[in-house]
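We number each residue from 1, following the sequence as shown. Every value quoted in this text rests on a predicted model; they were computed, and no experiment measured them.
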Amino acid sequence: MSVDRYEMVVGLEVHVQLKTRTKAFCACSTMYGAPPNVNTCPVCLALPGTLPVLNAEAVRLAVRAAHALGCTVKPISVFARKNYFYPDLPKGYQISQYDRPLAVNGSLRIGENADGTPITVGITRLHLEEDAGKSIHDRYAAVTAIDLNRSGVPLTEIVSEPDMRSAQEAGAYLRALKQILEFTDVSDVNMEEGSLRVDANVSARLRGETRLGTKTEVKNMNSFSGVERALQAEFERQVGVLDGGGRVEQQTMLWDGARGIVRPARSKEASHDYRYFPEPDLPPLVLSKEWIEEQRQSLPELPAARRARFVREYALSPREVDVLTSSVILADYYEQTARAHGDPKTAANWVTGEVLAAVNAAGTSLREFPVRPSDLAGLLSLVRDGKVSHTAAKRIFGEMRRSGEPPAQIAEREGLLQEGSDDAITVWVEEVLAEHPDESRRFLAGERKLLGVLVGAVMKKSKGRADPRRVNQLLSSRASG
């Protein structure tokens with residue numbers, strides 16, 4: 001199979017749950033994890049005679065996302081009925097938007113080519129819609145259960161242009177999009193809870209060809225790495241079909257992550273199959289130009305701008321900046337620590353090192369991490385001011401993780417405050433020289449590489465309390481004297 005002769009073409013449809021307390025067209029809660037069918041009412045159950053009422057906060061968040069992605073927000077957009085039958089769709093149609101969406105013509109930069117030119121993915125449209133319920137196939141023997149808690153949850157669908165040429169570019173697009181949605185507080189973008197879902201349209205064509213090939217839509221991907229693996233598998237399947245003289249059929253494919261394959265689910269619907277028509281129970285959504293501009297002006301600092309500022313203000317390396325701005329909560333944690341401590345480089349080293357290692361080891365998130373930025377800054381200041389050693393600081397940090405106590409309090413209680421007195425340090429130095437006669441004789445005879453060994457021994461004897469700089473000086477003076 002000559003995969004190299006072919007080019008992958010990918011466009012993505014990303015469904016994002018908006019961060020609202022209530023649903024798109026009723027006052028039911030959007031809380032995740034509630035017992036089945038608890039968060040429902042006559043509106044989201046589609047009982048006769050009920051009418052939808054649009055959630056204003058969902059509109060605001062969708063407009064916020066549109067601005068962050070460089071889209072043009074339309075002053076007038078229209079809701080439509082998208083007709084299809086699934087057991088978890090009580091109305092028999094989904095309220096969405098079709099030919100007059102909320103926003104159009106955006107773009108998202110996802111990286112650079114080898115020559116430094118940007119790689120940009122166009123965004124065709126961004127529109128509002130409601131979610132369907134959930135069919136549960138694996139909880140009860142031989143029965144499919146329906147949970148309508150998600151029915152009516154507000155979504156924004158973000159549809160890209162077919163501008164991605166590899167599975168890796170698709171992954172980069174999704175990570176960049178997730179970051180923007182998180183930084184703007186539009187969504188919690190939690191794939192495990194269904195807050196971000198991806199449908200991928202993929203086709204294969206001979207390199208140099210300009211016409212698009214027949215696309216398939218791949219579903220059932222629950223991670224960004226899963227999207228990348230599914231796209232590669234489907235691309236290679238299509239190449240095999242084309243190389244064998246066959247034709248790719250337009251159909252919906254399901255990704256089987258356990259087996260690493262895609263398999264057909266059904267023929268792919270076209271827009272006319274949904275019989276779109278304007279939603280008669282909702283008037284056109286009319287937004288004033290002043291309000292649209294007000295939402296644009298209220299945008300927080302976006303990831304690209306924050307990365308540039310971190311480089312400019314804190315003199316951090318590109319790698320450090322990429323790590324520290326990978327999520328808004330991590331960027332905030334770092335910046336609060338750096339400002340409170342005053343040394344951004346030291347703060348970056350601790351946050352990307354000890355802090356992230358501790359968070360990952362605990363299997364939690366930084367939001368639940370017990371060490372506050374102000375307390376971490378306090379610990380770093382104790383080291384900078386010579387009050388505790390770096391070794392003692394790590395012990396104090398471990399206790400801060402367990403108890404949440406301030407660092408000075410732990411240092412005092414555990415006897416970890418550094419001893420700067422020459423009298424006390426000299427006693428430790430003399431004891432170490434006496435306990436290590438061979439190393440001491442060689443060191444005093446001029447074998448300076450043993451200095452580190454003896455400093456380490458003094459630090460161990462003092463349980464980290466000795467000032468290592470002063471230990472170094474006293475040992476060096478003994479060798480030269």
Rounded to the nearest 0.5 Å, the CE atom of Met8 sits from the CD atom of Gln238 at a distance of 9.0 Å
- Item | Close side-chain approach of Asp199 to His15, heavy-atom, < 4.5 Å | yes
Backbone N/O of Leu128 and side chain of Gln97: donor-acceptor pair under 3.5 Å:
yes
Is any side-chain heavy atom of Asn39 less than 4.5 Å from a side-chain heavy atom of Thr30? no
Less than 4.5 Å apart, side chain to side chain, heavy atoms only: is that true for Leu89 and Phe85? no
Rounding to 0.5 Å, atoms NE2 (His390) and CG (Leu380) come to a distance of 9.5 Å
Between Asp188 and Ser195, does any side-chain donor sit less than 3.5 Å from a side-chain acceptor?
yes
The complete set of salt bridge (charged side-chain N to carboxylate O under 4.0 Å, His left out) pairs with one or both residues in residues 88-104, sequence neighbours excluded, reads Lys91-Glu130
**Asked** Just wondering, are more than 12 heavy atoms of other shown residues or ligands nearer than 6.0 Å to CZ in Arg165?
**Response** yes
- Query: Taking atom CZ of Arg259 as the centre, does the number of heavy atoms from other residues, nucleotides or ligands within less than 6.0 Å exceed 12?
  - Reply: no
Treating Asn55 as the side-chain partner and Lys23 as the backbone partner, does any N or O pair qualify as donor plus acceptor under 3.5 Å? yes
Verdict with reasoning, Glu320 to Lys345, per salt bridge (charged side-chain N to carboxylate O under 4.0 Å, His left out)
CA-CA 10 Å; Glu320 288 171 323; Lys345 192 69 175 178; 2.9 Å; yes
Sequence neighbours excluded, the answer for side chain to side chain contact (heavy atoms under 4.5 Å, CB included) partners of Ala393 is Trp350, Leu379, Val383, Val388
message: Ignoring hydrogens and geometry beyond distance, is a side-chain donor-acceptor pair present between Glu161 and Thr124 at under 3.5 Å?
response: yes
Rounded to the nearest 0.5 angstrom, the CE-CZ distance for Met253 and Arg263 is 9.5 Å
Note to self: Is the shortest side-chain heavy-atom distance between Leu287 and Val59 below 4.5 Å?
What the structure shows: yes
Point to revise | Glu193, CD: over 12 other non-hydrogen atoms inside 6.0 angstrom | key: yes
Neighbour count >12 (heavy atoms, 6.0 Å) for atom CZ, Arg372: no
Can a side-chain donor-acceptor contact be found between Tyr314 and Glu335 if the only test is distance below 3.5 angstrom?
yes
Kindly check if the number of other-residue, nucleotide or ligand heavy atoms within 6.0 Å of NZ (Lys82) is above 12? yes
* To do: Would you mind checking if Glu399 and Arg395 are paired as a salt bridge, meaning a charged N to carboxylate O distance below 4.0 Å?
  => no
From the list Tyr93, Tyr276, Phe79, ring pair (Phe, Tyr, Trp, His ring centres under 6.0 Å) partner of Tyr98 resolves to Tyr276
Output for pair (Ser77 OG, Leu126 CG), nearest 0.5 Å, gives 10.5 Å
Do Arg205 and Arg211 have side chains that get closer than 4.5 Å, going by heavy atoms? no
task = Taking atom types as modelled, find out whether Glu293 and Gln297 have a side-chain donor-acceptor pair closer than 3.5 angstrom.
result = yes
To the nearest 0.5 Å, atom OG of Ser298 lies from atom CZ of Arg64 at 5.0 Å
- Would Tyr334 and Phe310 count as a close aromatic pair, with their ring centres under 6.0 Å? yes
Answer yes or no: is there an ion pair linking Glu112 with Arg109, defined by an N-O contact shorter than 4.0 Å?
yes
To the nearest 0.5 Å, atom OG of Ser160 lies from atom CG of Leu174 at 9.0 Å
